[in-house]
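The structure appears below as structure tokens.
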Amino acid sequence: MSVNYYWILCYLAPEDENELRSIYQSDYQKAIQKNDKHRSILEKWHKDPDFLSDYYDRNYNNNLNEFIQAFKAPSFQDLKKEIMSNLSSPERKTNFELNEANCFKVIVFTNCDPVNVLWYGLGPELADRIPGFMGNIFLSRNEIEPALKTVTEILDRLDRQKFYERMPSVYVGVASCEEIETDIENILTALAIGLESAKEKKCGFLALSCSL
């Protein structure tokens, strides 16, 4: 059975920042602790950013699965409930509602995680500079401009040819070359464009990586 992976990027009004901040920070701390279980595979990636390039390596499937698992953050479920659940849900703690006005973009991949693809394509040196935790990002209005500067610098330094060479190692379920180009352009530019838009709107910004 196929699984859809989402990268949700949205704007935060001042009241949203106040309501969601503590939930994000709590989930963030849990995510850091949980990721200690995947320290070895992430260290392998840091030592060799192309460690998944050899499909004939007998450890390829195990390495790929471990790498994918490292990017799954079930500890962000609290935040997911606030964003994705109906407002009437008893599990809800805030009045935040994802809608057309505050949703910048939702990127959906089937059978692979857009954040996982982006991080592996960028390589650890660049990916580690992105704010937040592996695609889960919370920025107040005052944090938007420095974050935008960092993300812009990352894209300026990116070797796109290298990115496209790495991408097939973690990107599956491809239907056509046109879809590949659309997907990759989306994940490469979404954060920078979203932060630029948030800067213009003078609002905060939230990104959440999750599956449904």
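In this structure, the side chain of Asn62 does not engage the main chain of Asn59 through any donor-acceptor pair within 3.5 Å. A donor-acceptor contact shorter than 3.5 Å is absent between the side chain of Asp50 and the backbone of Ser53. Here the side chain of Asp78 pairs no donor or acceptor atom with the backbone of Ile23 at under 3.5 angstrom. In this structure a side-chain-to-backbone donor-acceptor pair under 3.5 Å is present from Asn102 to Glu97.
Hydrophobic clustering of Ile, Leu, Val, Met, Phe, Trp and Tyr side chains at less than 4.5 Å, counting indirect connections, unites Leu64 with Tyr55.
The side-chain heavy atoms of Ile68 and Asp113, taken from C-beta on, include no pair separated by under 4.5 Å. With a 4.5 Å cut-off on side-chain heavy atoms, Cys10 and Phe96 count as touching. Within the 4.5 Å cutoff, the side chain of Arg129 has no heavy atoms near those of the Leu122 side chain. For the pair Arg141/Lys202, no side-chain contact is recorded, criterion being any heavy-atom separation below 4.5 Å from C-beta on. Between Leu158 and Leu188 there is a side-chain heavy-atom pair separated by less than 4.5 Å. Between Leu20 and Leu79 there is a side-chain heavy-atom pair separated by less than 4.5 Å. Lys47 places none of its side-chain heavy atoms less than 4.5 Å from the side chain of Phe51. In this structure, the side chains of Phe163 and Ile184 come closer than 4.5 Å at one or more pairs of heavy atoms.
The line from CG of Asp27 to OH of Tyr24 is 9.0 Å long, rounded to the nearest 0.5 Å. One finds the CD atom of Glu165 at 10.5 Å from the CE atom of Met167 (value rounded to the nearest 0.5 Å). Between atom CG of residue Asp48 and atom CG of residue Asp54 there is a gap of 10.5 Å, rounded to the nearest 0.5 Å. Atom CD1 of Ile107 and atom CG of Leu9 lie 6.0 Å apart (nearest 0.5 Å). With rounding to the nearest 0.5 Å, the separation of CG in Leu126 from OG1 in Thr150 is 11.5 Å. Note that CG of Asp16 and CZ of Arg21 are 11.5 Å apart. Values are rounded to the nearest 0.5 Å.
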Problem set entry | Stepwise side-chain contact (heavy atoms from CB on, under 4.5 Å) check, Tyr5 with Asn116 | CA-CA 10 Å; Tyr5 293 89; Asn116 183 256; over 6 Å; no
Problem set entry | Verdict with supporting geometry, Phe76 and Phe133, side-chain contact (heavy atoms from CB on, under 4.5 Å) | CA-CA 10 Å; Phe76 278 95; Phe133 181 88; 3.8 Å; yes
For this session: List the steps, then state whether side-chain contact (heavy atoms from CB on, under 4.5 Å) holds for Leu148 with Leu191.
Result: CA-CA 8 Å; Leu148 175 59; Leu191 190 54; over 6 Å; no
For this session: For salt bridge (charged side-chain N to carboxylate O under 4.0 Å, His left out), just list the numbers for Glu196 and Lys149, CA-CA rounded to whole Å, side-chain angles, deciding distance to a tenth of an Å, and then say yes or no.
Result: CA-CA 10 Å; Glu196 182 66 48; Lys149 181 180 179 182; over 6 Å; no
Exercise. What do the steps show when you test Trp119 against Trp45 for side-chain contact (heavy atoms from CB on, under 4.5 Å), and what is the final call?
Worked result: CA-CA 11 Å; Trp119 258 239; Trp45 175 52; 4.0 Å; yes
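There is a side-chain donor-acceptor pair under 3.5 Å between Ser88 and Asn86. Side-chain contact, Ser22 with Gln25: no donor N or O sits under 3.5 Å from an acceptor N or O. The closest side-chain donor-acceptor pair between Tyr11 and Ser197 falls under 3.5 angstrom. A donor atom on one side chain and an acceptor atom on the other are not found under 3.5 Å apart for Ser140 and Glu17. Donor-acceptor pairing under 3.5 Å is recorded for the side chains of Thr110 and Asn4.
The residues Glu185 and Arg160 are annotated as salt-bridged, a charged nitrogen and a carboxylate oxygen being separated by less than 4.0 angstrom. Using a 4.0 Å cut-off between charged nitrogen and carboxylate oxygen, Lys93 and Glu82 do not count as a salt-bridge pair.
Atom CD of Glu15 has more than 12 neighbouring heavy atoms from other residues, nucleotides or ligands inside a 6.0 Å radius. Environment of CD in Glu125: sparse, with no more than 12 heavy atoms of neighbouring residues, nucleotides or ligands closer than 6.0 Å.
Of all non-hydrogen atoms in Val115 and Met134, the two that sit nearest each other are CG1-O, 3.1 Å. Nearest heavy-atom pair, Gly204 versus Ile144, reported as atom, atom and distance to 0.1 Å: C-CD1, 4.2 Å. The two residues Gly135 and Trp7 come nearest to each other via the heavy atoms O-NE1, 2.9 Å. The nearest pair of heavy atoms linking Lys105 to Ala190 is CD-CB, 3.9 Å. Nearest heavy-atom pair, Cys103 versus Leu98, reported as atom, atom and distance to 0.1 Å: CB-CD1, 3.8 Å. Of all the heavy atoms in Ile8 and Cys210, the pair that sits closest is CD1-SG, 4.0 Å.
Using bins of under 30°, 30° to 60° and over 60° for the plane-to-plane angle, the ring pair Tyr171/Phe109 lands in the tilted bin. Ring pair Tyr120/Phe67 is perpendicular by interplanar angle, where above 60° counts as perpendicular and below 30° as parallel.
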